[in-house]
Colleague: 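My questions will all concern the structure given below.
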Amino acid sequence: MATTGLAGDLAALDRFGKDEDGGFNRLAWSVELRRALEWLAETMAEAGLRTELDPAGNLIGRWEAGSGAPLIIGSHLDTVESGGRFDGALGVLAGVDVVRRLRAADFVPARPIWIVAFMDEEGERFGTAMVGSQAIAGELTELPAELEDSDGVTLGAAMAGWGRSPDRLGEARLAQPPWGYLELHIEAGPVLEEGGSDVGAVTVVAGIAAFEVTIEGRASHAGSTPFGARRDALLAASRLVVELRERAVRGNYLATVGRLAVEPGGISVIAARATLTVDFRADAAPRLDAAAADLGDALAGIGELTGTEYRCRPIYRLEPLPMDAELIAAIEAAAAEVGVRCLRMASGAAHDAMVIGRQAPAGMIFVPSVDGISHSPAERTRAEQVEIGAQVLAATVRRLCA
Ligand code: HGY
Ligand code: MN
Ligand code: MN
């Protein structure tokens, strides 16, 4: 039975980028993402929205009603490698469905309502992040065309396939800031499910600081090189992973090494080089600063101990951002109106709301993630929880646009 509305749209999106493990691969500027956005543009148009793909690859659907600056309801359709079905997609599709629901109820908003699928929120392919939302906010005007993905495809070439150019991102800047911003998103963690709440009203979006670390050792023979004569890059990297965890626990921030490459990778060869990424998260800037300082201190100590050299390159940093108090209250009132339990909570994951929220009041609504899993094929939110999220989003929009 072809389901309609939000559930039907989520099912329709399964056609774009799903792999054999059930994960989704709609990377920034990929063909899969473009096909998904072409489908979304049609779906938006059917809902009565006027659509535009802007210079930064953001798909914007406008409900030109009322007057003044718009309320933007946004999220993203791009995913991480083999990502989940709901991360980003839920917020975009729920936004379109809220427009349908409000039109069906003959609701006429006092201000324009735009639904936006931001380009490259995840930043996995080119080591960028929040590209579309930063471009719309006027915080990003261009990117190096020579950035390469893991297949050696440059950003310039990938964008050219979309008729877009990395040196013209600035043209996406909005002429005026939006009136406000709302994003419905999966929690991507265990708090709502464990606490038994139906929705979350986000109080702060944690900041993110990512680095690429290269550790240079010296290749040598595994059988004839005494330990005292080794410069083992993988030993150094291994110590770093453990020490970062210990420092993060002490410093009350999160540290994750998600990517590690070792060269030359021979069974009987001491590792000459290790390249790894470090992802720090904290909901206050001073703790992000402390994390970066801890990384430098750890590398210096480990370099001394193992006789290795190191380089540390910042990949990106996004500042933590508190959500707007009035929007938090509107979300809580909407949840009460719908008759569901709402929990005030921080977001450990980064979101476009932390960018748009620097231009205008922003609020986020969370729905539970089963087993707290996200960025994985196992990412799941139950159908009734999806529906509750859409109802709370619609009720919040009615309050903000009455
Ligand atoms: O990594 C994040 O927090 C987000 O999903 N991009
Ligand atoms: Mn994500
Ligand atoms: Mn997301």
Side-chain angles (χ1 to χ4, degrees), residues 10 13 17 23-28 30 33 36 58-59 72-95 115-134 140 181-192 200 202 204-212 253-259 277-283 288 291 315-321 323 345-357 362-369 372-381 386 389 393:
L10 275 167
L13 206 52
F24 287 81
N25 301 273
R26 294 192 298 263
L27 298 188
S30 63
L33 180 62
N58 298 307
L59 180 62
I72 293 183
I73 302 172
S75 202
H76 58 96
L77 284 196
D78 69 293
T79 66
V80 294
E81 302 265 0
S82 200
R85 186 170 189 255
F86 299 87
D87 179 353
L90 174 65
V92 174
L93 298 182
I115 312 301
V116 182
F118 291 110
M119 171 54 75
D120 198 9
E121 188 272 350
E122 297 285 5
E124 286 274 325
R125 185 176 180 190
F126 295 105
T128 50
M130 313 280 173
V131 170
S133 49
Q134 290 192 84
L140 185 67
Y181 179 77
L182 270 182
E183 180 165 1
L184 172 66
H185 204 285
I186 55 169
E187 175 199 336
V191 171
L192 286 176
V202 174
V204 59
V205 178
I208 179 173
F211 297 86
E212 181 184 69
Y253 57 83
L254 293 178
T256 306
V257 176
R259 197 181 282 171
T277 57
V278 185
D279 171 311
F280 291 126
R281 305 292 175 111
D283 59 12
L288 274 188
I315 300 176
Y316 47 64
R317 174 166 169 151
L318 290 155
E319 298 309 316
L321 188 80
M323 295 288 97
M345 61 186 292
S347 170
H351 299 288
D352 292 304
M354 73 203 300
V355 174
I356 306 297
M364 286 195 78
I365 302 166
F366 274 175
V367 289
S369 293
I373 299 289
S374 177
H375 282 187
S376 154
E379 179 182 287
R380 195 160 72 84
T381 294
V386 166
L393 180 63

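In this text the structure is predicted, and so the values were computed from the model without any measurement. Counting convention: from 1, in listed order, for ligands and their atoms alike.
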Colleague: Would you say Ser347's side chain and Ala349's backbone share a donor-acceptor pair under 3.5 angstrom?
Modeller: yes
Colleague: For the pair Glu183 (side chain) and Val92 (backbone), establish whether a donor and an acceptor sit closer than 3.5 Å, ignoring hydrogens and angles.
Modeller: no
Colleague: Which atoms from ligand 1 have a heavy atom of Ala349 less than 4.0 Å away?
Modeller: 3 (O)
Colleague: Just to confirm my numbers, could you give the angle made at the Mn ion (ligand 3) by NE2 of His76 and NE2 of His185, rounded to 10°?
Modeller: 110°
Colleague: Considering His351, Arg281, Met354 one by one, which has a heavy atom nearer to atom 1 (O) of ligand 1 than any of the others?
Modeller: Arg281
Colleague: How far is atom 6 (N) of ligand 1 from its nearest protein heavy atom, and which residue and atom name does that atom have?
Modeller: Glu122 OE1, 2.9 Å
Colleague: Do the side-chain N and O atoms of Asp87 and His76 include a donor-acceptor pair separated by under 3.5 angstrom?
Modeller: yes
Colleague: Would you name the N/O/S atom of Asp87 that lies closest to the Mn ion (ligand 2)?
Modeller: OD2
Colleague: Is the distance between the ring centroids of Tyr181 and His351 less than 6.0 Å?
Modeller: no
Colleague: Using only N, O or S atoms, tell me which atom of Glu122 is closest to the Mn ion (ligand 2).
Modeller: OE2
Colleague: Kindly give the heavy-atom pair with the smallest separation between Leu318 and Met130, and that separation in Å.
Modeller: CD1-CG, 3.3 Å
Colleague: side-chain contact (heavy atoms from CB on, under 4.5 Å), that's the test. Do Leu27 and Asp78 meet it? Break it down for me.
Modeller: CA-CA 5 Å; Leu27 298 188; Asp78 69 293; over 6 Å; no
Colleague: Does an N or O anywhere in Ala350 fall below 3.5 Å from an N or O of ligand 1?
Modeller: yes
Colleague: Quick one: does Ser133's side chain have a donor or acceptor within less than 3.5 Å of a partner on Ile356's backbone?
Modeller: no
Colleague: Considering only heavy atoms of His375, which atoms of ligand 1 have at least one such atom less than 4.0 Å away?
Modeller: 1 (O), 5 (O)
Colleague: Would you say His351 reaches the Mn ion (ligand 3) with an N/O/S atom under 2.8 Å?
Modeller: no
